[in-house]
Every structure is written in structure tokens, then in C-alpha cells.
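Everything below concerns the one structure shown next.
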Amino acid sequence: MTERCDLLITNVHAATMDPSIAGAYGAVEDAAVAVTGGKIVWLGPRRELPDCAADKTLDGEGQWLTPGLIDCHTHLVYGGHRASEFARRLGGESYEEVARSGGGILSTVRATRAASAEQLYRAAEPRLQALMSEGVTTLEVKSGYGLDLDTELKQLRTARRLAQHYPVEITTTCLAAHALPPEYDGRPDEYIDLVCEQILPAVAKEQLADAVDMFCESIAFSVEQCQRVIDCAKKLDLPVKVHAEQLARTGATAMAARASALSVDHIEYITDADVAAMAESGTVAVLLPGAFYTLRETQMPPVEKLRASGVSMALSTDLNPGSCPIASLRLMMNMGCNLFGLTPAEALAGVTRSAARALGLCCSRGALRPGLRADMVLWPMETPDQLAYEVGALKPAQIFFAGKTVGGRDVTAG
Ligand code: DI6
Ligand code: FE
């Protein structure tokens, strides 16, 4: 390490989430962390800290430091809300029935098309602020409520604009193949032509998306149609993610694994062979317990088999106006344990290391390690198990994005 650093944190325990450090959280107790130029430059036991003059110091007071949290699957930019559908579903209608009657995603498409860019931005802000207040420093935002060129671009530009104004990293994903827009009723293949020939090339030209996603379900697009979207994404050099097997088994996961997709998301209905295919391709399983909870599903993703096969499991909010209007990644950690049987350590890995992999940011985000950007959260807790266990009261003491304090109370000195 250099003899001087921008920030030196001592008297802290680090849940590094670095798999090369033994133990569930890659924990380094009584650690010191040095930051320079927005990056971690040294991390280890305090007694091994070399001499170092720090511009600023922070006494961690025995609290725990984790990587900044990563929400790897959100639909955070949208117009309107769907409270009336919530009531219909409580009255007994299913998510698919609401969708097939012109509600569901299409109701949000109408509201998103009608909203100005400014209105979309203003509507997204409180959702983003809610995630950031919990220590989220990186998140993904999908389009998919435009389903026409202009509105898909409007959504993605809004996501990019949020990232310019907030101290957070936002990766964007084009989900134009989310639902069939009404003007293409009965002509899904022609809509896929539009996605492949116009929307995705325009999005790629403006560099508005880091990945391409699709909704592969009977109420959306078939495996064959999604395969065409994948082929088109590959030609544009964009990685793919797939909303797969949330409502039924379709073969989407096997297709995604063949395409070396970054992630398959939901996957309640996958088979043993699908799990093996994911293990083989290194595709991350993104578990979305908030959608499972909101839709009162009963089919669980096969967590035990994913674990046994060594598939990385990420956890995310799926924040969207239909199946998960819940802007809390911390609550998802709790649900991941209570509903899906993750351990608290798996839940934290799911919103750090594995979430980074699901975004193609493997090894550059999602852990505390020299060389990585200093996205870090200091928590007033005695054990990292508390993160998944407690909901509501345990708040970040201090949040760092690229080494700068962006949330909590700044108690750095110097
Ligand atoms: N799966 C989901 O969980 C969201 N989209 C998707 O493809 C739900 C979107 C919505 O209901 O608005
Ligand atoms: Fe989703």
C-alpha cells in the first residue's frame, strides 16, 4: 500500500464476501480498510496494517462493514400504479387472468407511454431513494413498459439520467420483449421483428442497454420467439438475461443456459436438468421472493438443488408495479430465508457477490477486496446474520459509494 490514503477505517469487522477468505461471510474481524481514489487499496486484520497517513479516518466502533448492496433485477422506471389490480387479485383473480383481460403489464404500458420523461423520472426517484437508503449502491433497471421504440428509449434514458444525478451505479437492460403491445394483437412474430430490427439496434446504437431481457411465459413470448431475441442480442454483442419459468415450465432456462445467459430469473418451475444446465453454463439463478409472495405462489424454486449443484443464487426485489411493488432489498433477504430456505449468509451473497455476477460485473463489484470500488456499508450490528433476520430498524450507519459518504451519518474525522 502507498504510505498515504484518502480514508482509513479501523475498529471494524469486515464481511468481505470474498470467496477466497474462509467462512460464510469471508469475515475479517478487527479489520482495517484503506481507500484511495475511490477504491479499496488495503484490507486485512488491523494488526497487519502498514504505516499509513490518512486524510480522513473513521472509527468503526466495532460495527460491521459489508459491500454495497446490489439489486440486480428491477423495473423501477414506470408510470402509474396498479392498486386496483391488487384489489382484484385479493378478490380471487389470478395474475394471468388480470393480464389476459388487458390489465397487468399492459396497464402499466399505457401509463408509461402517457408519462413525460420528466414525470417518469419524478415517479422513479422515491423508489430509487428507498433502495439507496438501505445501502444499495448498484442496481439494474429494465425497460419493458414501452413496447414501442420511443417509449423503450424514454425508459432507458430515464434510468441513465437517474444515474447521473444520484451517487449510485445503474445498469440498464432492454426488456422490449416483455408483453405483446395491443397494436400487435395476434401478431407476436411481427412484434419480435420490431424488437429485433428496430428497437434493439436503436438501443444499442445509443448505448442505452448493458443487457437484453425477455419474458418467456405463455402470457408473453414463446421459447422460439425468445430465441430470436437472444440471437439478435448476440449480434449486437449484448449479454442476455431471461425471465424464466415463473408461472410454468417452458424450456426457457435450458435455452438461456445454451446461450450462456448471465442469469435466469424467477425459475420456480425448473427441473433437475435445467439446474444442471445452469451449473454447466455458469448462469446465475436470480430468486425473486417478493414476486412469489405478492402473487401468493406456492411452487418454490429448487434452492436445495441449486445449492448442491454450485449454482450462484442472487436475490432481488423485481421492483415493479404488478408482481412486487416493494422497494426493499433487505426485506427480500428476509423473505429469501423465510420463504425459500436460504441461509443468512447466502442472502447476503445474493445481494452482493452473486448479484454482481448476474449483472456481468463479476469480480469488479459485490465484495470488499483491494482493487474494487469502495462501495461499502457500515452497519450497527453484532453479526452479519442480523441483516437477513431484522427488518425495519437496522439501518446503515454510513454508506460509501466509490469511497465517498452518500448516506447515513458521516462520522469520518480529519
Ligand atoms: N415478471 C415479473 O415479475 C414482472 N415482469 C415480468 O416479466 C412483472 C411485471 C408486471 O406485472 O408489471
Ligand atoms: Fe421482473
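Each ligand, and each atom within it, is numbered from 1 in the order the structure gives.
- Ring geometry, His243 versus His178: the interplanar angle falls from 30° to 60°, so the pair is classed tilted.
- Note that Arg89 lies outside the cation-pi zone of Tyr95, set by a 6.0 Å cut-off to the ring centre and a 45° limit from the axis.
- With the Fe ion (ligand 2) as the vertex, NE2 of His75 and NE2 of His73 span 100° to the nearest 10°.
- Among the atoms of His243, an N, O or S atom falls under 2.8 Å from the Fe ion (ligand 2).
- Shown here for Asp213 and Lys241, the closest heavy-atom pair between the two residues is OD1-O, 2.9 Å.
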Begin with the C-alpha distance, continue with both residues' side-chain angles, and end with the deciding distance and a verdict on salt bridge (Lys or Arg N to Asp or Glu O under 4.0 Å) for Arg353 and Asp18.
CA-CA 8 Å; Arg353 185 174 72 216; Asp18 181 342; over 6 Å; no
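- Under 4.0 Å is where a charged nitrogen must lie from a carboxylate oxygen, and between Arg228 and Asp193 at least one such pair does.
- Geometrically, Arg187 engages Tyr184 in a cation-pi contact defined by less than 6.0 Å to the ring centre and at most 45° from the axis.
- Pro301 and Leu287 get closest at one heavy-atom pair: CB-CD2, 3.9 Å.
- When heavy-atom distances to ligand 1 are checked against 4.0 Å, the residues falling inside are His75, Arg82, Tyr95, Ile105, Tyr145, His178, Phe215, His243, Gln246, His266, Asp318, Asn320, Gly322, Ser323, ordered by chain and number.
- In Asp318, the N, O or S atom that comes nearest to the Fe ion (ligand 2) is OD1.
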